[in-house]
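Owing to the predicted nature of the structure, the values given are computational and were not obtained by experimental measurement. Just so it is clear: chains get the letters A, B, ... in the order the sequence lines come, proteins before strands, and each one is counted from 1. For the numbers below, each heavy atom of this structure counts, side chains included, while hydrogens, waters and symmetry mates do not.
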Amino acid sequence: MRIWLPLDSFAQAMGGEEVAAAIVVEAKARGVQLQLTRNGSRGMAWLEPLAEIEVGGVRHGFGPMTLADVSGLFGDLAAHPKALGPVEELDWMKGQTRLTFARVGVIDPLSLEEYRAHGGLVGLDRAKAMTKAQIVAEVTDSGLRGRGGAGFPTGIKWKTVSEAAGEQKYIVCNADEGDSATFADRMLMEGDPFTLIEGMAIAGLACGATKGYVYIRSEYPVAIRVMNDAVLVAREAGVLGPQFDMEIRVGAGAYVCGEETALLNSLEGKRGVVRAKPPLPALQGFMGRPTVVNNVISLASVPVIMAKGAAHYKDFGLGRSRGTIPLQIAGNVKFGGLYECAFGLTLGEIVDKIAGGCFTGRPVKAVQVGGPLGAYFPRALFDTPFGYEEFAAKDGLIGHAGLTLFDDSTDMLAMARFAMEFCAIESCGKCTPCRIGSTRGVETLDRLARGDASAMPILTDLCNTMKLGSLCALGGFTPYPVMSAITHFPDDFARSKEAAE
Amino acid sequence: MLDSDAQTDRIAEILDAHLGLEGPLLPILHAIQHAFGYVPDSAIPQIAAALTISKAEVHGVISFYHDFRDKPAGRHVIKICRAEACQAAFGNSVADRAKQKLGIDWHETTPDGAVTLEPVFCLGLCACGPAAMIDGKLVGMLTPKSVEKLIDEVVK
Ligand SMILES: Cc1cc2nc3c(=O)[nH]c(=O)nc-3n(C[C@H](O)[C@H](O)[C@H](O)COP(=O)(O)O)c2cc1C
Ligand code: FES
């Protein structure tokens, strides 16, 4: 008997390890020969831990599992109190276009055999038969843009590195994923690590780089373990080797190290301060050598592009946002998790139809899109289609595609203050607008909270200075959450002195 | 606690194992913290000499990163997520209850040395927040009540 139970952090946080242990004990007690596969998560966080068992060749789901539900997995499955039916038939699964996440939750993350059986390594094999320029052209044609936040075309970045002179070049994967409301990188690394390895190997071929690094934040112990194991398996099987090999590195709890130049400094063993650009990392990156820095999802989308062709990928999407995007829906949400679909759904469709609104059952007041540097969107802007340009046109950004829902009990002044506080805590200290501006921002918001309306023009000025004068987007984009909160929720900032006292 | 000779030897071993890496300092600091629970000040000259960088540089790196400690933590470390998605799920009330129950604020350790409380900015559990990490174990969907219970279990 085979049972799948995720090793994914969502499942672990909801008691998955205890359930897994109980499944083993129960099987033993019943004398059942058990094959327990620790898969990735399907992305339905509210159903974790989600057990799966094959019934008539179709995987059925049971969740969220508690210890009390374990024995039922060995009885009449149709009568199981947590039976959900065929997993792929659930509304959440049916609505998706899973290209990058096609295998996550499906296969055993560390089985190269299952990886291959589900279409893995087809892209790398195809790339091996192509020239560097052909691979770069394929990725460029797909329209893939960086999923780390800035949305820079991946193929163009690769072209620069590919054509740069240099004995030693590097592929660096940015797995720092520090944004609140994001977990796509984590889920991919935990659930289908070979896809990232394959994507990096293809990048290596395209750019003439023989060495890769994955910089994973220390807050992700499960992803670190799975990636390390996967690298060993891949090396053993010859997928990694002298032609291209990689190392897993671990961050040390600094949000700013997600910024690519700070990340490179950190990887070199320095303080994670931001470097001025130019020089571009593509030309003088890790150790001063030509380096591709790409987000996990950018790199992990390359294998399917190479396997199915640029046109297949490019066919999905909207405007200049091509392909699919793994939405990460979080916060005060009824159905939260990862939902991969073509660009172009409206914010309202995502919030009301897919996410089902807030778990408190109260109205959604605001959605922060794009992490701590992203803007707060009110319901009045829920018709905004999910795409890079579309969100920019509304003074927002999609960032790494995390969405946090807040209900109507939220105090937006407090959220604006938190944005400034977070910037102050995480600033690398190199530039003044970010380092000092954020601290002043907290003080100014405290004045507003005390009913001192004269602080408002000072805050607006401060935001402008941070926007224009910061070295990177930490200081430069912190004004997005602050100003959007002020613009869309003015009532929360208009405190009378009496009320404040 | 190791005596100082044993500590020097252990650090020398760690340095040896990492010197072949490109950019070895962070892996070295992680390994030292893993071995001792913190990065002892006395390790700094030894690291600096091995990497031929200044002591100030090593110190600068250690102090830059939130993860590295210059003194031991409590016997248990509770990290509670303070980031936006967990706040949206009422994480502040969980953090407040934990502080109240432990009688300490962020970055502090209880007087008996049992628990250190730290903020963390996202554990990637944002769809099942409020989230925390207790001695390396992940927990989600916390409530003020459940965090109290978890603290009881940890300190007992
Ligand atoms: C403060 C800050 C934090 C960032 N954090 C991340 C991160 O955690 N992961 C990421 O991929 N990109 C992050 N970025 C963006 C990177 O600087 C860079 O644009 C990205 O890694 C490039 O890869 P891509 O083109 O594949 O998106 C951050 C940027 C800033 C300014
Ligand atoms: S915001 Fe708390 S786990 Fe991500």
Part of Tyr255(A) within contact of chain B (heavy atom distance under 4.5 Å): neither

Indicate yes or no: at least one non-hydrogen side-chain atom of Ser266(A) is less than 4.5 angstrom from one of Leu263(A). no

Of Ala89(B), Ser63(B), Cys126(B), Cys86(B), the largest count of non-hydrogen pairs under 4.5 angstrom with chain A goes to Cys126(B)

With the side chain counted from C-beta on, respond yes when Val77(B) and Arg69(B) share a heavy-atom pair under 4.5 Å apart, and no when they do not. yes

Select one option (side chain, backbone, both, neither) describing which atoms of Glu268(A) are under 4.5 Å from chain B's heavy atoms. backbone

Are Ile297(A) and Asp185(A) close enough that some pair of their side-chain heavy atoms sits under 4.5 Å apart? yes

Against chain B, label Ser180(A) side chain, backbone, both or neither, depending on which of its atoms sit under 4.5 Å from a heavy atom there. both

Are His30(B) and Phe68(B) close enough that their ring centres sit under 6.0 Å apart? yes

Step-by-step ring-ring contact (aromatic ring centres under 6.0 Å, His included) determination, Tyr480(A) to Tyr376(A): CA-CA 8 Å; Tyr480(A) 273 109; Tyr376(A) 286 98; over 10 Å; no

Heavy-atom distances under 4.5 Å only: say whether Ser9(A) touches chain B with side chain, backbone, both or neither. both

So which part of Phe335(A) gets closer than 4.5 Å to some heavy atom of chain B, the side chain, the backbone, both or neither? neither

The interface call for Asp179(A) against chain B, heavy-atom contacts under 4.5 Å, is backbone

Which pair of non-hydrogen atoms, one from Met420(A) and one from Thr478(A), has the smallest distance, and what is that distance? SD-CG2, 4.0 Å

With chain B, the option among Arg271(A), Glu219(A), Met14(A) that has the most non-hydrogen atom pairs under 4.5 Å is Arg271(A)

Flag the one option from Val333(A), Leu267(A), Val250(A) with the top tally of heavy-atom pairs under 4.5 Å to chain B. Val250(A)

On the 0 to 90° scale, with breaks at 30° and 60°, tag the Phe183(A)-Phe10(A) ring pair as parallel, tilted or perpendicular. perpendicular

Okay, Cys257(A) and chain B: the region with an atom under 4.5 Å from a heavy atom over there is side chain

Mind listing the closest non-hydrogen atom pair of Ala43(B) and Ile11(B) along with its distance? CB-CD1, 3.4 Å

Pick from Leu21(B), Val120(B), Leu51(B): which one has the most heavy-atom pairs with chain A under 4.5 Å? Leu21(B)

Under 4.5 Å heavy-atom distance to chain B, tell me which part of Pro221(A) shows up: side chain, backbone, both or neither. side chain

What part of Glu190(A) lies closer than 4.5 angstrom to a heavy atom of chain B: side chain, backbone, both or neither? neither

Can you tell me which portion of Val273(A) sits under 4.5 Å from chain B's heavy atoms? Options are side chain, backbone, both or neither. both

Examine whether an atom of Glu17(A) lies under 4.5 Å from a heavy atom of chain B, and if so say whether it belongs to the side chain, the backbone or both; otherwise answer neither. neither

Option in Arg82(B), Glu57(B), Lys79(B), Gln33(B) with maximal non-hydrogen atom pairs under 4.5 Å from chain A: Arg82(B)

Turns out that what part of Met415(A) lies under 4.5 Å from chain B's heavy atoms comes down to side chain

Top residue by heavy-atom pair count (under 4.5 Å) with chain B, among Ala366(A), Pro372(A), Ala184(A)? Pro372(A)

Only one of His400(A), Arg217(A), Arg186(A) clears side-chain hydrogen bond (donor to acceptor under 3.5 Å, both in side chains) with Glu177(A); which? His400(A)

The interface call for Leu403(A) against chain B, heavy-atom contacts under 4.5 Å, is neither

Surrounding CD of Glu167(A) (heavy atoms of other residues, nucleotides or ligands, distance under 6.0 Å), is the total greater than 12? no

For chain B, which of Gly15(A), Gly251(A), Gly429(A), Gly337(A) has the most heavy-atom pairs under 4.5 Å? Gly251(A)

Is the NZ atom of Lys99(B) crowded by more than 12 outside heavy atoms at less than 6.0 Å? yes

Is there a side-chain contact between Leu373(A) and Leu474(A), using heavy atoms and a 4.5 Å cut-off? yes

Out of Gly272(A), Gly16(A), Ala181(A), Gly402(A), which one racks up the most heavy-atom pairs below 4.5 Å with chain B? Gly272(A)

For the pair Arg289(A) and Glu22(B), evaluate salt bridge (Lys or Arg N to Asp or Glu O under 4.0 Å) and give the outcome as yes or no after the intermediate values. CA-CA 12 Å; Arg289(A) 295 168 181 152; Glu22(B) 294 178 299; 3.7 Å; yes

Gly336(A), Ala330(A), Ala45(A): which one forms the most heavy-atom pairs within less than 4.5 Å of chain B? Ala330(A)

